[in-house]
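Here is how names work: the chains are called A, B, and so on, in the same order as the sequence lines, proteins then strands, and each is numbered from 1.
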Amino acid sequence: MRDAIDLLIKVMPELLQGTGVTLQIALVSLALGMIVGLPVGVGRVYGPVWLRHVLGAYITLFQGTPVLIQLFMVYYGLPDIGITLGRLQAAFLTLGLNSAAYQAEYLRSALLSVSEGQMVAARALGMSKWQAIWSIILPQAVRLALPAWSNEAVAMLKYTSVVFLIAVPDLMGQAKILASRYFAPIQIYLIVAVFYVVLVGITYLILTSIERRMRIPGLTGDAAS
Amino acid sequence: MTSPILRIEDVHKSYGALQVLKGVSLTVQPREVVVLVGPSGSGKSTLLRCINLLNPPTKGRIWLEDQEITAPGVNQDRVRQRIGMVFQEFNLFTHLTALGNVMIGLVKVRKMRKNEARDLAMFELERVGLADRAHYYPAQLSGGQKQRVAIARALGMDPHIMLFDEPTSALDPELTGEVLAVMQKLASEGMTMIVVSHEIGFARQVADRIVFMEGGVVVEEGTPQQMFEQPVHERTRAFLRNITR
């Protein structure tokens, strides 16, 4: 027990640093995923047919291949065509584009489940198609997509762990270094697992509170809770 | 003789091989209340959606006031601002309060400032008797209240003509009265209205003219008295007998 506490105290600073890196990667990637995923999702539903196909291909590409291969392609492959990225940049770009594909799909199904009458009523008021999408359809779709989006955020926190394979010192990267430094892989990885659980728990609490705050009074789901 | 507010000339509408409207002509004068009746599938709702260009006609022409709105190059969004529409299923924006539903068109389309829009929206909600429900969300309102909010939302745009597509058909019978009362009040204030409805009491009392459609054409039109008491066509007679029974 004594040893375990000693070990914990010794590795804590580096694990906290790693946690910071993990959080940074997750937040930047989710934000990038949102910035890209929102227009992709809207374009998938409301864009011209050729655009829907192009965006569909992008989504299939990122959903259909392992994220690790995507990361290697970005970090080791892009330099071949003259684009060299730093480790963190490669992590942001890969996980951001990967997340965008998923977020776009969540948004797409949410957009499709907003009733058609909403668009018709908005157009009848004199709104243009894009005005209606922006001020009527999207605010409803975003609420519908929120539970799926929460899952994406939680998944992202754990996905980030692949970046240690391009030597980014995230939580997992630190774990690997510490495990070999102290010859205590089981203990270290257990501690790191607890770190991930705590991060996920906090994220989950924050997101459910956002979901609750954005809920529309009187709609189903309100009554159920 | 004033000039008509709406003139529909030989309007056709098809969806692929399915011909829904087969040459409808209709002229509506300012302040007139026209009630459209007819069996389901006769093209009444389609005609309303042709008028505000939600589903533009495949053939034929429509004038709103002095403008041919079916002419190429017409800004359809601007046309729709002048035409209020009320739907059978209300179609209130579920994420906005009653007040928000009325305000959003004022802010986004009429480009009014927020506080100005709020004042006008409150005024419109008062007009339909729902000022005390301004901060309720659609899911918290009864069907009749929802439909009155939808009417207030349309009125906020200051329409020159209002289209009602079976406004009471989705309501429980005890809730239709409050909606019809609001519509009757609008008519008495001089609003031009085209109403698709099977509410016979409303048609008798409020309509200036009843238009009977069947199979995508206007079969017969006339004052409520003519139509209910001595319709020319046997189809009209049979239909009206059926719905008044």
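- Contacts of B/Phe93 with chain A are made by both backbone and side-chain atoms, with heavy-atom separations under 4.5 Å.
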Donor-acceptor pairs are to be reported for all side-chain atoms of residues 175-183 of chain B against protein atoms at under 3.5 Å, with residues two or more places apart or in another chain.
from: B/Thr176; atom 1: OG1; to: B/Pro173; atom 2: O; distance (Å): 3.0
from: B/Glu178; atom 1: OE1; to: B/Arg148; atom 2: NH1; distance (Å): 2.3

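- Proximity to chain B involves both the backbone and the side chain of A/Gln118, based on heavy atoms less than 4.5 angstrom apart.
- Across B/Arg78, B/Arg80, B/Arg110, the residue that shares the most heavy-atom pairs under 4.5 angstrom with chain A is B/Arg80.
- Counting heavy-atom pairs closer than 4.5 Å to chain A, the top residue among B/Asn75, B/Leu92, B/Ile83 is B/Leu92.
- Nearest heavy atoms, A/Phe195 versus A/Met12: CZ-SD, 3.6 Å.
- To the nearest 0.5 Å, the span separating NZ on A/Lys129 from CE on A/Met119 amounts to 6.5 Å.
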Result block: side-chain N/O donor-acceptor pairs under 3.5 angstrom for residues 45-53 of chain B, not counting sequence neighbours:
from: B/Ser45; atom 1: OG; to: B/Asp165; atom 2: OD1; distance (Å): 2.8
from: B/Ser45; atom 1: OG; to: B/Asp165; atom 2: OD2; distance (Å): 3.3
from: B/Asn52; atom 1: OD1; to: B/Leu54; atom 2: N; distance (Å): 3.2

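- Other residues, nucleotides and ligands contribute only 12 or fewer heavy atoms inside 6.0 Å of the CG atom of B/Asp66.
- Contact of A/Val114 with chain B is not made at all, since no heavy-atom distance falls under 4.5 Å.
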